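I have placed the structure first, in the form of structure tokens, so that the comments after it can refer back to it.
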Amino acid sequence: MFGGAGGNKFDMLKQMKKMRSQVKTMEKELAVLNFVGISKNKLLSITLDGKFQMKSIQIEDELLEKKDKGLLERSIQEAYTKALQDAQAGAAKQMQAMGGFPGLGM
């Protein structure tokens, strides 16, 4: 994992420290990214950050006026799924841009 079985413990600790630093940097960068998912009917949108935390949800009055619980539920699911897919792709792209995590297969 860290230079093979014969690897020096000091080198392993050094590499682990470097990886922790990379993870912290990546987490900071991901936290400021926003990914917006919009429902198919374009009446609801959800924004997630790069750490997959929901930042906001916007519902158009037109959707609320329909008073259709099923439509509202589907709209939420569609928008969330889209935002999550985009956030996951963005996180993977960010990790790749940072060179991944050598030794972990990433």
Side-chain angles (χ1 to χ4, degrees):
M1 180 174 158
F2 297 103
N8 180 319
K9 287 183 183 182
F10 178 74
D11 289 338
M12 285 177 47
L13 291 173
K14 188 175 171 182
Q15 191 165 357
M16 287 175 63
K17 184 177 180 181
K18 181 180 176 185
M19 286 175 56
R20 271 196 297 264
S21 175
Q22 284 180 308
V23 168
K24 286 181 182 181
T25 300
M26 187 173 59
E27 284 178 341
K28 287 177 185 175
E29 290 179 9
L30 288 173
V32 299
L33 298 177
N34 288 312
F35 300 91
V36 179
I38 301 172
S39 63
K40 290 178 186 176
N41 60 21
K42 311 254 190 280
L43 298 176
L44 188 140
S45 67
I46 292 177
T47 303
L48 301 179
D49 67 16
K51 294 172 73 176
F52 314 130
Q53 299 296 310
M54 189 178 300
K55 302 307 269 180
S56 67
I57 183 168
Q58 287 85 36
I59 304 170
E60 296 294 326
D61 291 337
E62 180 183 337
L63 182 58
L64 295 175
E65 290 166 0
K66 292 179 186 262
K67 297 183 182 180
D68 184 341
K69 181 181 175 187
L71 179 60
L72 177 59
E73 290 170 345
R74 285 188 304 278
S75 297
I76 292 169
Q77 185 177 23
E78 292 166 1
Y80 179 78
T81 298
K82 177 70 171 123
L84 182 60
Q85 289 170 345
D86 289 352
Q88 289 170 332
K93 186 176 179 180
Q94 186 71 22
M95 184 181 296
Q96 200 172 33
M98 291 183 68
F101 294 108
L104 294 179
M106 297 179 170

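Note that the numbering runs from 1 along the sequence shown for the chain. None of the values given here were measured: they were computed from a predicted structure.
Considering Ile46, Leu43, Asn41, Asp68 in turn, Asn41 is the only one that fulfils the side chain to side chain contact (heavy atoms under 4.5 Å, CB included) rule with Ser75.
One finds the CD atom of Glu65 at 7.5 Å from the CD atom of Glu62 (value rounded to the nearest 0.5 Å). In this structure, NZ on Lys18 lies 7.5 Å from CD on Gln15, to the nearest 0.5 angstrom. One distance of note links OG1 of Thr47 with NZ of Lys55; it measures 10.0 Å at 0.5 Å rounding. Leu13 CG to Asn8 CG: the interatomic distance, rounded to the nearest 0.5 Å, is 9.0 Å. Distance check: Met26 CE to Met19 CE gives 10.0 Å after rounding to the nearest 0.5 Å. Glu60 contributes atom CD, which lies 8.5 Å from atom CD of Gln58 (distance to the nearest 0.5 angstrom).
Counting non-hydrogen atoms of other residues, nucleotides and ligands closer than 6.0 Å to CD of Gln77 gives a total of 12 or fewer.
The minimum heavy-atom distance between Gly50 and Ala91, with the atom names listed, is O-CB, 4.3 Å. The two residues Leu63 and Leu72 come nearest to each other via the heavy atoms CD2-CD1, 3.7 Å. The two residues Lys51 and Ala31 make their nearest non-hydrogen contact at CD-CB, 3.9 Å. Contact between Ser45 and Ala79 at its shortest, heavy atoms only, is CA-CB, 4.3 Å.
Under a hydrophobic clustering in which Ile, Leu, Val, Met, Phe, Trp and Tyr are joined whenever their side-chain heavy atoms come within less than 4.5 Å, directly or via other members, Ile38 and Ile76 fall into different clusters. Note: the hydrophobic cluster containing Leu64 also contains Ile57 (ILVMFWY, side chain heavy atoms under 4.5 Å, direct or indirect links). With hydrophobic clusters built from ILVMFWY side chains whose heavy atoms lie under 4.5 angstrom apart, Leu30 does not share a cluster with Met54. A continuous path of ILVMFWY side-chain contacts below 4.5 Å connects Ile59 to Leu71, so both sit in one hydrophobic cluster.
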Item to check | Worked verdict on Gln88 versus Phe52 for side-chain contact (heavy atoms from CB on, under 4.5 Å) | outcome: CA-CA 8 Å; Gln88 289 170 332; Phe52 314 130; 3.7 Å; yes
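A donor-acceptor pair under 3.5 Å links the side-chain atoms of Ser39 to the main chain of Leu44, judged by distance alone. Not one N or O on the side chain of Ser21 forms a donor-acceptor pair closer than 3.5 Å with the backbone of Lys17.
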